[in-house]
Amino acid sequence: MADDLSAVAHFLYEAGTLKNARRTGWWMAGVNNPESVAEHSWRTALIASVIAKLEGADPARAAFLAVWHDTQETRTGDVNHLGKKYSTPADPVAVTADQTAGMPELLAETIQDLVTEYEAKDTAESICARDADKLECMLQGIEYKAQGYANAQRWIDNSRSRLTTETAQRLADELLGQDTLGWLRAAMGEKS
């Protein structure tokens, strides 16, 4: 392997900044210390694999797409929906091309293809990954609401209304019908 990996190393450091980048829309709901972009992306990838498997799509591919779906935010920041009203959004494909410049060609092309596929919304896996993004936002909203952030209801409702797959819609209904600590009571063998 003669390829220079310095650009890959730079990107790995860059990607680490997403652990500190807060999802800014939650500030409008009054959440003082909202989840990071990295935290959101991790659970989105997990959800994408679940949705894809149940929808008959490739769960690994859907998770792969979801892992990369917000990586551009290292350079653009997390611009919430209100902020997008006042600015021209950066093209995720173009940002990714800049981020992958200098990487070994095979790797750069793979990452660029992932982001292009996610943005195009035309494969079963990209649709599942996009639904996972919305479902994760809804789930986070449910958790914030349970912590006393009543304004999170707007994010719950908006995210729920944007789901397209049957599996994501069914999961949303199940999540909305459960208590956020129901899983713990079940694991402990307690009655609800």
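All values below come from the heavy atoms of this structure, side chains included, with hydrogens, waters and symmetry mates left out.
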Which pairs would a plain distance check flag for residues 93-105, meaning a side-chain donor or acceptor within less than 3.5 Å of a matching protein atom at least two apart in sequence or in another chain?
{"residue": "Thr96", "atom": "OG1", "partner": "Gln72", "partner atom": "NE2", "Å": "3.1"}
{"residue": "Thr96", "atom": "OG1", "partner": "Pro92", "partner atom": "O", "Å": "2.8"}
{"residue": "Gln99", "atom": "NE2", "partner": "Glu14", "partner atom": "OE2", "Å": "3.0"}
{"residue": "Gln99", "atom": "NE2", "partner": "Thr71", "partner atom": "O", "Å": "3.0"}
{"residue": "Gln99", "atom": "NE2", "partner": "Thr74", "partner atom": "OG1", "Å": "2.8"}
{"residue": "Thr100", "atom": "OG1", "partner": "Thr96", "partner atom": "O", "Å": "2.9"}
{"residue": "Thr100", "atom": "OG1", "partner": "Ala97", "partner atom": "O", "Å": "3.3"}
{"residue": "Thr100", "atom": "OG1", "partner": "Gln112", "partner atom": "NE2", "Å": "2.6"}

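- Residues Ala124 and Ala57 come closest through the heavy atom pair CB-CB, 3.9 Å.
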side-chain contact (heavy atoms from CB on, under 4.5 Å) evaluation trace for Asp133 with Tyr118: CA-CA 11 Å; Asp133 181 38; Tyr118 181 85; 3.6 Å; yes
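- Between Gln169 and Asp173, the side chains place no donor N or O within less than 3.5 Å of an acceptor N or O (distance only, hydrogens not considered).
- For the atom pair Leu135 CG and Gln140 CD, the distance stands at 12.0 Å (nearest 0.5 Å).
- A 4.5 Å side-chain heavy-atom check between Lys145 and Trp155 finds every atom pair outside the cut-off.
- Inter-residue side-chain proximity for Thr180 and Ile142 is flagged as met; some heavy-atom pair is nearer than 4.5 Å.
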Residue pair Arg162, Arg130: steps toward the side-chain contact (heavy atoms from CB on, under 4.5 Å) verdict: CA-CA 10 Å; Arg162 296 168 68 197; Arg130 294 181 81 81; over 6 Å; no
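- Hydrophobic clustering, with ILVMFWY side chains joined whenever heavy atoms are under 4.5 angstrom apart, keeps Trp183 apart from Val50.
- Using a 4.0 Å cut-off between a side-chain N of Lys or Arg and a carboxylate O of Asp or Glu, Arg43 and Glu143 qualify as a salt bridge.
- In terms of heavy-atom proximity, Ser49 sits nearest to Leu46 at OG-O, 2.7 Å.
- Connection of Ile51 to Val67 is not established within any shared hydrophobic cluster, with ILVMFWY side chains joined at heavy-atom distances below 4.5 Å, either directly or through further cluster members.
- Glu55 and Thr167 share a side-chain donor-acceptor pair at under 3.5 Å.
- Proximity of Tyr149 to Asn32: side-chain heavy atoms (C-beta onward) are separated by under 4.5 Å at one or more points.
- In this structure, the side chains of Glu35 and Tyr144 come closer than 4.5 Å at one or more pairs of heavy atoms.
- Of all non-hydrogen atoms in Asp78 and Gly25, the two that sit nearest each other are OD2-N, 4.1 Å.
- Counting only distance, with no hydrogens or angles, the side chain of Asp131 and the backbone of Leu163 share no donor-acceptor pair below 3.5 Å.
- When every heavy atom of Ala48 is checked against every heavy atom of Ala132, the shortest pair comes out as N-CB, 3.4 Å.
- Ring centroid separation for the pair Phe11 and Trp68 comes in under the 6.0 Å cut-off.
- For the pair Asn80 and Met28, the minimum side-chain heavy-atom distance is below 4.5 Å.
- Using modelled atom types, one finds a donor on one side chain and an acceptor on the other under 3.5 Å when comparing His40 with Glu136.
- For the pair Trp26 and Ala152, the tightest heavy-atom approach, listed with the atom from each and the gap, is CZ3-CB, 4.0 Å.
- For the pair Ser159 (side chain) and Cys137 (backbone), a donor-acceptor distance under 3.5 Å is absent.
- Within the 4.5 Å cutoff, side-chain heavy atoms of Met138 are placed close to those of Leu176.
- Remark: Asp91 pairs with no residue by the salt bridge (Lys or Arg N to Asp or Glu O under 4.0 Å) rule, at least two apart or across chains.
- Under the rule for a side chain to side chain contact (heavy atoms under 4.5 Å, CB included), the partners of Arg154 that lie at least two apart in sequence or sit in another chain are Asn158.
- For Leu106, the CG atom counts as loosely surrounded, since its 6.0 Å shell holds 12 or fewer non-hydrogen atoms of other residues, nucleotides or ligands.
- No hydrogens or angles considered: nothing links the side chains of Glu119 and Thr116 as a donor-acceptor pair under 3.5 Å.
- In this structure, CD in Gln178 is found 10.0 Å from CG in Leu139, a value given to the nearest 0.5 Å.
- Salt bridge absent: Arg23 and Glu39 never bring a charged side-chain N and a carboxylate O closer than 4.0 Å.
- Side-chain atoms of His69 come within 3.5 Å of backbone N or O of Ala66 as a donor-acceptor pair.
- Between Arg170 and Glu174, every side-chain heavy-atom pair lies at or beyond the 4.5 Å cut-off.
- Here Asp58 does not pair with Lys53 in a salt bridge; the nearest charged N to carboxylate O distance is not below 4.0 Å.
- Ion pairing between a basic and an acidic side chain is recognised when a charged N comes within 4.0 Å of a carboxylate O; Arg185 and Asp179 show such pairing.
- For the pair Val115/Leu65, no side-chain contact is recorded, criterion being any heavy-atom separation below 4.5 Å from C-beta on.
- Under the 4.5 Å side-chain contact rule for hydrophobic residues, Leu107 and Phe64 share a cluster.
- Of the possible donor and acceptor atoms, none in the side chain of Arg22 sits under 3.5 Å from a partner among the backbone N and O of Val37.
- Ser87 OG to Leu82 CG: the interatomic distance, rounded to the nearest 0.5 Å, is 9.5 Å.
- In terms of heavy atoms, Asp70 sits closest to Leu18 at O-CD1, 4.0 Å.
- Defined by atom type and a distance below 3.5 Å, a donor-acceptor pair is present between the side-chain atoms of Ser126 and Thr123.
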